[in-house]
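First comes the structure, then the notes that go with it.
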Amino acid sequence: MSRLLASCRVLAAVALALSLAGCGPREPETAGRPLTVQRLTEKQYRQITADVFGDDIRVVGRFEPVVRKDGLIAVGTNAATVTPSGFEQFDSMARNIVAQLFEEGRRDRTVACKPPAVNAPDDACAGLVLAKYGRLLFRRPLSPDELKARVAVAHDASMASGDFYHGLALALATELEMPEFLFRIDSAESDPDHPGNMRLDAYSKASRLSFLLWNTAPDDELLTAAEKGDLNSERGLKRQVDRLLASPRLEAGIRAFFTDMLAFDGFETLAKDAMIYPDFNATVAADAQEQTLRTITDLLVARQGDYRDLFTTRRIFMDRVLGPIYYVPVVPKHGWAPYEFAEGDPRAGLLSQVSFTALYAHPGQSSPTLRGKAVREIFLCQKVPAPPANVNFAVAQDTSNPDYKTARARLTAHRTNPTCAGCHRIMDPIGLALENFDGIGAFRAQENGTAIDTSGELDGVHFANAKDLGQAIHDNPAAASCLVDTLYKYAGGQAPAKGDRDWMRWLNDRFAANGYRVPALLRTLALSHGFYGVAEPGKASGISSATLRLEDQR
Amino acid sequence: MPPATVGQMRGYVFTRFMFARPATDLATDCPQGLAMSLRDSFIAQLPPEDRPKAEHVKGFAEVGSMILATDHPENGLKFEEKTEPPANLSVAEREALFKAYIQHRRDPNRHTICNNPADYKGVGYRTIEHTGMGSGLNLDGTSDGAATATTCEHKKFIGADGTPGIDNQFWRVAGCIAVYRSGGLDWDSSVRTGDWAVLMEVSTPKGGGPDGDVEVNFYSSKDSLTLDAAGKVPAGLSLEYIDDPQLIAKTHGRIDSGVLTTEPVDFTYKYDNQIVHERWAFEGARFRLQMLPDGGLKGQMGAYADADKFYNYTVKPQTIDGASANNIDCPGFYAALHTLADGHRDPKTSACSALSVAFDLQAIPAFIIHPQKTADAGARDQ
């Protein structure tokens with residue numbers, strides 16, 4: 001009996017392992033993707049600084065903006081450069097950081113070794129310090145030549161200043177200014193498992209993993225695993241991926257991804273007319289983003305839920321800043337509390353949250369068109385063409401016209417222009433479903449005294465209101481495949497290659513097979529060969545799941 | 001705006017809680033003019049030839065600084081540095097005038113007369129005597145102000161809408177003081193600066209319709225109000241009340257045709273501003289509040305307040321020297337409070353020690369958070 005039980009346990013363990021490993025159809029071959037060079041985002045710079053030097057180190061400076069490309073900042077970083085003025089900022093930030101590190105009382109924590117004399121160079125001690133921090137900042141060990149050059153900087157500066165620590169601080173600052181720190185630079189090597197092909201080297205793998213799952217540089221353990229070659233073995237890679245996925249820091253990675261996907265950088269320039277929306281301010285804007293990110297991490301990470309449920313969930317987080325806009329009671333005076341909208345409440349899902357309805361609206365009114373466009377592009381990965389340059393928005397934006405009291409009436413009039421009609425037909429019905437939420441996301445039943453009609457249709461599915469729209473998106477296959485596309489682009493800084501259609505289909509299938517759980521999707525991606533495949537230059541070109549779906553339909 | 005409902009209770013926060021002030025003119029209310037202030041009475045008792053000098057002395061408003069300069073030299077303030085001598089007065093003359101003025105406000109023991117108002121007589125203090133238009137509620141139930149078992153005989157006002165029997169003896173006391181007439185005593189401005197607020201809960205009417213009997217609870221807010229970009233208190237704030245039995249009042253009420261009226265209730269609220277930190281206690285408070293289309297309420301509270309406490313709350317604490325900011329003649333004000341007291345009749349002496357008073361109120365919907373729920377939620381807070 002005990003033997004039988006033991007056998008069962010083994011079988012169960014194997015089944016669990018197979019399940020966790022994402023057993024199923026074999027991973028298709030990929031064409032690989034070109035190597036990328038991505039500039040660190042501000043968030044990543046700050047997080048790495050905190051990880052390497054401590055949470056108390058202040059990063060003071062202005063970061064040059066990164067242009068959103070192909071829907072993501074992460075893709076934009078692939079084309080981002082550093083201008084001379086931007087470099088000045090990085091230089092200033094680096095000097096400020098090391099100044100804090102070498103402050104009296106902290107210096108001994110920064111510099112583990114003691115020089116024989118503080119007024120002279122000590123290359124050995126400098127080398128230890130610069131190698132230690134250089135490895136964490138460059139996400140790989142410094143080459144002997146690189147280390148020699150940094151030590152030389154410390155040596156010369158120590159000689160010139162007559163101060164060992166001054167010289168060392170300067171050399172450390174240069175590490176924070178070097179491209180190897182400021183840019184995530186992919187590096188490739190021959191793939192012994194696929195002769196003739198290339199793959200990311202172990203340190204690039206470690207970086208890709210860490211930035212994807214934690215939105216920061218690899219920690220010591222991950223770098224050590226890379227150093228030992230563990231990341232090139234299935235077992236070693238799995239161990240590290242599972243460690244990263246099990247860490248509370250996964251939440252930061254999920255937050256960074258959705259912050260990018262939902263284009264929350266738009267809040268930095270979002271303005272509302274205070275006469276029309278006096279309830280809106282910078283705190284509301286910040287908390288609206290936080291609310292959505294809490295909703296997302298709660299569902300996807302804490303409760304390991306189905307990604308598609310983000311469009312229908314009635315569970316949200318609320319604080320007293322947002323309470324008046326949602327018009328709900330909030331018990332804790334400070335901080336957040338879970339809140340669940342009642343069954344009959346008009347709100348459910350991300351689309352009814354202030355972070356979406358306020359961001360995709362005009363300063364003084366809602367915008368069904370902006371909202372519809374955002375849903376199409378962000379959640380369904382369907383590109384909506386830009387409007388013609390000479391389009392006349394007069395009717396669409398005049399909320400005081402007594403003949404067109406609601407947005408639906410105004411847009412109907414606007415669509416009489418055949419040039420506009422095509423695009424508005426795919427955007428407006430979605431956005432009109434959200435018209436119960438004004439320009440900052442507060443509920444309204446009427447506009448200009450006229451009841452708001454929120455009915456519409458999405459890809460053949462009719463809906464009556466925002467909740468139904470959320471359900472329609474939940475049930476739309478494009479929603480899940482769009483997330484896979486977006487995640488892939490985010491993870492690698494570029495779209496999948498045309499030759500990877502089978503591989504993308506496999507990834508989509510795995511996502512579905514795993515109950516549309518995002519951590520499982522991350523795991524599938526992180527353990528796949530395709531994620532690390534490198535294409536020969538000029539051979540790869542982009543595809544998307546939207547392309548795949550179109551091909552499927554043909 | 002829909003009701004801010006938690007459970008079966010609709011919540012409100014009062015954004016206006018101000019002494020009721022009828023739209024009557026000075027000539028009608030105070031035919032002899034405004035009540036004399038301490039400064040007025042000081043000037044009046046000067047020799048006629050000195051009065052023009054005093055009239056032109058600048059800096060009487062700085063009497064507080066003057067007192068600090070003379071009484072507390074350790075602060076390093078000097079009289080000369082705090083004031084600008086007018087062209088026709090030397091510094092010495094001016095200092096003498098100020099010292100005389102301070103003496104006018106003090107007893108021989110250097111105590112301000114505002115601290116011991118019962119020991120002095122007011123000079124030229126005036127009150128409202130007519131029975132015409134006033135503002136408030138009928139608290140004693142009589143139409144003529146005749147004495148009852150709990151009230152003393154007093155005059156009544158007529159409401160702006162013709163309602164007879166209005167009780168508001170406090171307005172008689174204060175209605176000839178400039179600052180009360182002008183609305184300059186913006187009593188509830190500190191609501192908007194977040195210092196204090198009164199909360200109210202109203203149950204949904206029994207029977208399910210818009211009208212009916214209701215339970216009404218009053219609280220003092222533990223949380224400060226916040227303002228929107230337009231400087232207004234937004235509807236829908238979540239506000240926790242202070243869990244102190246003294247600051248919780250519960251009564252019954254009724255809604256008829258959109259008007260909420262409550263039964264009398266003893267009601268105390270916590271009042272805070274920069275210099276006053278008191279608990280205002282009212283007896284037999286009645287509320288009459290019209291429900292507005294925007295979800296808010298507008299109306300009045302009428303109640304009785306102890307005369308001595310009234311004095312302590314309104315005049316005594318205003319500056320370091322008492323009432324200097326508003327130039328109120330403390331003895332006159334104090335005496336009027338007692339002379340015109342109409343409530344809290346002592347069955348033995350038949351004397352009254354409380355005054356009827358009315359407040360103009362406005363309220364907007366707010367979610368009232370019960371303290372014990374906060375404790376529960378604390379654990380959930382992330």
Side-chain angles (χ1 to χ4, degrees), chain A residues 248 251 271-285 287 290-291 293-295 297-298 301-302 315-340 342 344-346 354 363-364 436 438 440-446 449, chain B residues 1-13 15 192 194 197 199-202 219-243 293-296 363-382:
Chain A
E251 187 174 314
K272 297 292 176 186
D273 187 327
M275 297 293 287
I276 300 171
Y277 300 120
D279 286 350
F280 194 86
N281 55 40
T283 311
V284 168
D287 287 9
E290 177 63 20
Q291 177 182 59
L293 293 173
R294 280 177 182 262
T295 305
T297 53
D298 174 62
V301 182
R315 183 179 161 90
I316 195 172
F317 288 80
M318 200 66 73
D319 71 355
R320 288 210 179 169
V321 171
L322 297 174
I325 295 179
Y326 284 90
Y327 208 66
V328 299
V330 183
V331 173
K333 185 172 183 177
H334 303 290
W336 297 83
Y339 184 87
E340 186 144 341
D345 197 284
V354 169
N436 277 147
D438 69 13
I440 61 167
F443 181 82
R444 58 181 181 173
Q446 300 179 333
Chain B
M1 195 62 72
T5 306
V6 178
Q8 295 298 310
M9 304 299 279
R10 289 174 288 178
Y12 299 89
V13 56
T15 54
R192 293 180 291 279
L199 311 177
M200 180 174 74
E201 279 182 327
V202 182
Y219 310 103
S220 287
S221 181
K222 186 177 180 182
D223 298 322
S224 298
L225 304 192
T226 53
L227 302 183
D228 63 21
K232 294 181 177 174
V233 180
L237 290 176
S238 293
L239 299 167
E240 181 182 330
Y241 63 80
I242 299 170
D243 195 10
D294 66 2
I364 58 171
F367 296 100
I368 310 302
I369 304 299
H370 288 234
Q372 66 274 17
K373 289 186 180 173
T374 298
D376 294 342
R380 295 203 309 270
D381 192 7
Q382 296 174 25

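Each chain gets a letter, A, B and so on, in the order the sequences are listed, and its residues count up from 1.
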Do A:Arg320 and B:Ile369 touch side chain to side chain, with heavy atoms closer than 4.5 Å?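 The answer is yes, as the side chains (C-beta and beyond) meet within the 4.5 Å cut-off.
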Which atoms of A:Asp279 are under 4.5 Å from chain B, going by heavy atoms: the side chain, the backbone, both sets, or neither?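 Interface part for A:Asp279: both.
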Nearest non-hydrogen partners of B:Ala230 and A:Pro278, listed with the distance: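 Looks like N-CB, 3.8 Å.
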Distance-minimising heavy-atom pair for A:Val328 and B:Ser238: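 Closest heavy-atom pair between A:Val328 and B:Ser238: O-OG, 3.7 Å.
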Tell me whether A:Tyr327 contacts the main-chain N or O of B:Leu237 through its side chain, where contact means a donor paired with an acceptor under 3.5 Å.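 Checking the backbone N and O of B:Leu237 against the side chain of A:Tyr327, no donor-acceptor pair under 3.5 Å is found.
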Heavy-atom cut-off 4.5 Å, strictly under: side chain, backbone, both or neither for B:Leu239 against chain A?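 It is the backbone, since no side chain atom gets that close.
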Part of B:Lys222 within contact of chain A (heavy atom distance under 4.5 Å):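 Just its backbone gets close to chain A.
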Residue among B:Thr226, B:Leu227, B:Asp223 with most heavy-atom pairs under 4.5 Å to chain A: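 The answer is B:Asp223.
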Within the supplied structure, the quantity of interest is the number of heavy atoms (other residues, nucleotides, ligands) at a distance under 6.0 Å from A:Lys272 NZ; does it exceed 12?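 Yes - once you tally the heavy atoms of other residues, nucleotides and ligands closer than 6.0 Å, there are more than 12.
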